[in-house]
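Written below as structure tokens is the structure these notes are about.
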Number of protein chains: 2
Amino acid sequence: MLTNRQLEILQVIVDDFITSAQPVGSRQISKKKHITYSPATIRNEMADLEEMGLLEKTHTSSGRVPSDKGYRFYVDHLLQPKRLLKEDMLQIQSVFTDQHAEVEQIIRKSATILSQLTSYTSIMLGPDVQSHRIKKISIVSLTDDTAVAIIVTDQGHVEHRTFHVPEHFSASDVEKAVNILNERLYNVPLEHFAQSLETEVQRLLKQHINAAEEFIASLTHHEPSQTKLFYGGKTNMLRQPEFHDVNKLRMLMDMMEARQQVYELFQPNEAGIHIRIGSENEQIAMENCSVITATYQAGESTGAIAIIGPTRMDYERVISLVDFVRRDLTRAFNKAK
Amino acid sequence: MLTNRQLEILQVIVDDFITSAQPVGSRQISKKKHITYSPATIRNEMADLEEMGLLEKTHTSSGRVPSDKGYRFYVDHLLQPKRLLKEDMLQIQSVFTDQHAEVEQIIRKSATILSQLTSYTSIMLGPDVQSHRIKKISIVSLTDDTAVAIIVTDQGHVEHRTFHVPEHFSASDVEKAVNILNERLYNVPLEHFAQSLETEVQRLLKQHINAAEEFIASLTHHEPSQTKLFYGGKTNMLRQPEFHDVNKLRMLMDMMEARQQVYELFQPNEAGIHIRIGSENEQIAMENCSVITATYQAGESTGAIAIIGPTRMDYERVISLVDFVRRDLTRAFNKAK
DNA sequence: GTTAGCACTCAGTTAAAGGGAGTGCTAATA
DNA sequence: TATTAGCACTCCCTTTAACTGAGTGCTAAC
């Protein structure tokens with residue numbers, strides 16, 4: 001267990017390093033107004049904190065830097081969520097002033113504002129459309145042999161896929177097919193679309209229309225629509241001194257382009273605010289980064305927010321901001337619709 | 001006018017610098033098999049070429065480097081389009097093997113492949129949907145006061161916008177509205193949608209439905225749908241030695257995130273292959289870059305391809321690749337649909 | 001017209017030297 | 001016993017100087 005003095009010193013070191021990005025020395029600490037001990041005492045305490053694995057040195061005679069474990073301790077025990085400034089709140093709320101805005105617009109803007117306010121990179125996961133329920137299905141013929149199928153969900157999401165029309169598939173087949181689909185698939189969650197289509201509905205379709213199998217194959221043979229990602233401040237990382245190394249930078253950027261790896265950042269996708277610091281992340285590209293995630297609700301479906309910054313991140317501020325945006329998004333998406 | 005020898009020397013310098021990224025010296029040139037003159041002669045010629053503004057030195061006693069003007073000369077007079085390797089062609093054509101693929105998929109894949117083959121960054125402009133013609137309009141009610149309008153074009157593009165339903169707008173109004181819209185706007189280019197809606201069609205709607213004005217406003221008050229951009233190899237630039245400077249890098253990345261500036265890259269959007277070298281670009285962020293653009297056709301609408309690389313770009317190869325992709329895209333989009 | 005020869009320039013590397021910020025340890029102090 | 005002053009030491013970083021190597025421009029000879 002840490003003494004009060006150790007807590008105090010750790011706090012100063014983390015706070016200092018977060019703003020300066022420079023290792024913190026004992027003299028520097030002792031100069032702080034509220035610190036009453038001498039540099040020598042502080043050095044002793046720092047040696048202890050280092051033994052516990054909370055601090056590190058960059059070389060034998062350098063000042064101290066928080067370790068990942070040190071940040072973890074800081075996040076768990078030391079930081080106190082700050083109230084946001086009026087300006088920050090106003091900025092965030094400006095996203096919601098346009099009543100006509102669509103879900104996608106709002107999320108896009110949120111991502112941008114979050115990255116501006118934090119000066120880190122934000123990634124937002126759009127509401128998970130797979131849990132939307134099917135409201136209406138229609139088919140529009142384009143040419144003799146192609147048509148586009150459109151699915152509208154109860155939350156206003158629209159999905160469409162162009163498909164090849166089987167040869168013996170007449171206009172009346174189209175009509176019948178649309179009727180059957182709408183009757184049988186109404187209110188079915190999007191995630192069960194393909195499944196339903198290939199089981200119950202298949203039989204029905206085969207009875208009433210030509211080339212049913214081919215038709216179904218056309219509709220289901222399609223990559224599942226992926227949850228959309230929205231980025232803000234992609235280049236903010238270039239401003240961070242820890243990323244003046246082009247190699248680290250490339251690893252990080254490559255990771256952010258890779259859908260699968262980005263999805264992993266959001267795991268576990270549970271309510272509440274989650275923080276993963278440096279090596280707590282699975283990805284090597286993230287070993288110098290921390291990520292703060294949270295979820296928001298839009299009706300029955302869930303979306304998520306992530307902020308990626310250096311481990312030397314202003315946790316207090318970012319947590320407050322993310323939480324505020326989370327609440328506002330959830331509120332906006334549940335009153336309007 | 002340049003002598004043959006000068007042409008030869010310029011060619012060697014450009015070719016050499018493109019592969020090595022190092023200033024080229026006279027000795028190095030004289031060692032080439034097909035070069036018969038001594039270093040001293042070459043130095044004289046280089047001095048002349050420098051006077052003409054085709055070459056530059058990085059410092060007083062360094063080898064020579066092509067200037068933007070030098071590259072321009074090279075591109076206009078010296079390079080000879082190479083036939084692509086079989087492998088390259090096969091790779092590109094693999095994009096088109098999936099018959100079920102949608103336009104967007106194909107373009108996305110093309111962008112990726114192009115960036116891989118060139119090791120530069122590719123940006124592709126999707127077909128300009130504004131010239132598509134309206135095929136079908138439908139409206140699906142979501143809640144009491146919101147609905148989503150869907151427009152399908154003749155090329156299979158689907159556009160949708162959620163809107164607020166006016167208070168005295170009944171279900172029968174919806175039906176009537178949809179009928180009128182389909183009747184009047186069929187085959188109208190998307191770019192005239194708002195305009196048509198606000199002139200001729202407006203009168204008709206006012207006669208037959210309630211709250212017509214509000215309804216029209218909801219539909220037209222909407223940012224015009226922007227042509228989609230697809231990126232490939234965004235991080236390839238980080239591999240280029242000229243971008244080990246984080247500042248240049250940031251400028252470039254920021255530019256690539258800014259829609260408006262990216263659109264400018266594609267100007268003038270005319271048929272043929274266009275090359276802009278270094279300072280020929282308007283943007284400062286592009287002063288160390290060249291961009292090669294070309295257009296492809298998809299029915300009546302036009303899309304475009306751009307490759308962004310350092311001015312020290314392998315022009316011969318990139319031009320061949322871009323041209324090949326251009327043709328293939330045009331072919332693919334005009335037989336299938 | 002071409003080339004060999006030579007003096008010169010400049011970036012980049014290496015080595016040495018000194019300063020600065022920091023540490024750990026020990027002994028004196030409160 | 002806990003704290004602190006003092007001191008030797010460590011290591012990074014910057015500066016300086018010397019040296020090397022790749023290149024140039026110019027001149028005189030071929």
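Predicted model, so just to flag it, every value in this text is computed and none were measured. In the text below, chain A, chain B and the rest are named by the order of the sequence lines, each starting its count at 1.
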Quiz item: Would you call A:K32 and A:D16 a salt bridge, using N to O less than 4.0 angstrom?
Solution: yes
Practice problem: Could you tell me whether a side-chain N or O of A:S290 sits under 3.5 Å from a main-chain N or O of A:G309, the two making a donor and an acceptor? | Solution: no
Interface polar pairs with nucleotides 13-22 of chain D, N/O, under 3.5 angstrom:
none

Quiz prompt | Option from B:E45, B:E8, B:R43 for which side chain to side chain donor-acceptor pair (under 3.5 Å) with B:Y37 holds | solution = B:E8
Practice problem: Round to the nearest Å and state the distance from B:E56 atom CD to D:dG23 atom P. | Solution: 18 Å
Exercise. For D:dT4, take OP1 and OP2 only and decide whether either is under 4.0 Å from a side-chain N or O of A:T41.
Key: yes
Quiz item: When you check the phosphate oxygens OP1 and OP2 of D:dC11, does a side-chain N or O of A:T60 lie under 4.0 Å from one of them?
Solution: yes
Practice problem: Please report, rounded to the nearest Å, how far the C1' atom of D:dC11 is from the NZ atom of A:K57. | Solution: 11 Å
Quiz item: Does B:E242 come within less than 4.0 Å of B:R312, counting only side-chain N to carboxylate O?
Solution: yes
Quiz item: How many Å lie between CZ on B:F17 and P on D:dG23, as a whole number?
Solution: 13 Å
Self-check item: Nearest-nucleotide comparison on DNA chain C, the residue closer to the 5′ end among A:A47 and B:P39
Solution: B:P39
Quiz item: Ion pair present between B:E56 and B:R64, side-chain N to carboxylate O less than 4.0 angstrom?
Solution: no
Quiz item: Should the pair B:E257-B:K234 be classified as a salt bridge under the 4.0 Å nitrogen-to-oxygen rule?
Solution: yes
Quiz item: Any donor and acceptor pair, going by atom type alone, linking the side chain of A:N281 with main-chain N or O of A:Q283 inside 3.5 Å?
Solution: no
Quiz item: Does one side chain, of A:T112 or A:Y231, offer a donor that lies under 3.5 Å from an acceptor on the other?
Solution: no
Quiz item: Between which nucleotides of DNA chain C, read 5' to 3', does contact with chain B run, using atoms under 4.0 Å from its heavy atoms?
Solution: C:dT2 to C:dA11
Quiz item: At under 4.0 Å between heavy atoms, what does B:T58 touch on the DNA or RNA strands: base, sugar-phosphate, or nothing?
Solution: nothing
Quiz item: Whole Å only: how far is the CZ atom of A:R27 from the C1' atom of D:dT4?
Solution: 15 Å
Quiz item: Stepwise, does the side chain to side chain contact (heavy atoms under 4.5 Å, CB included) test hold for A:L79 with A:Q11?
Solution: CA-CA 8 Å; A:L79 67 70; A:Q11 169 112 39; over 6 Å; no
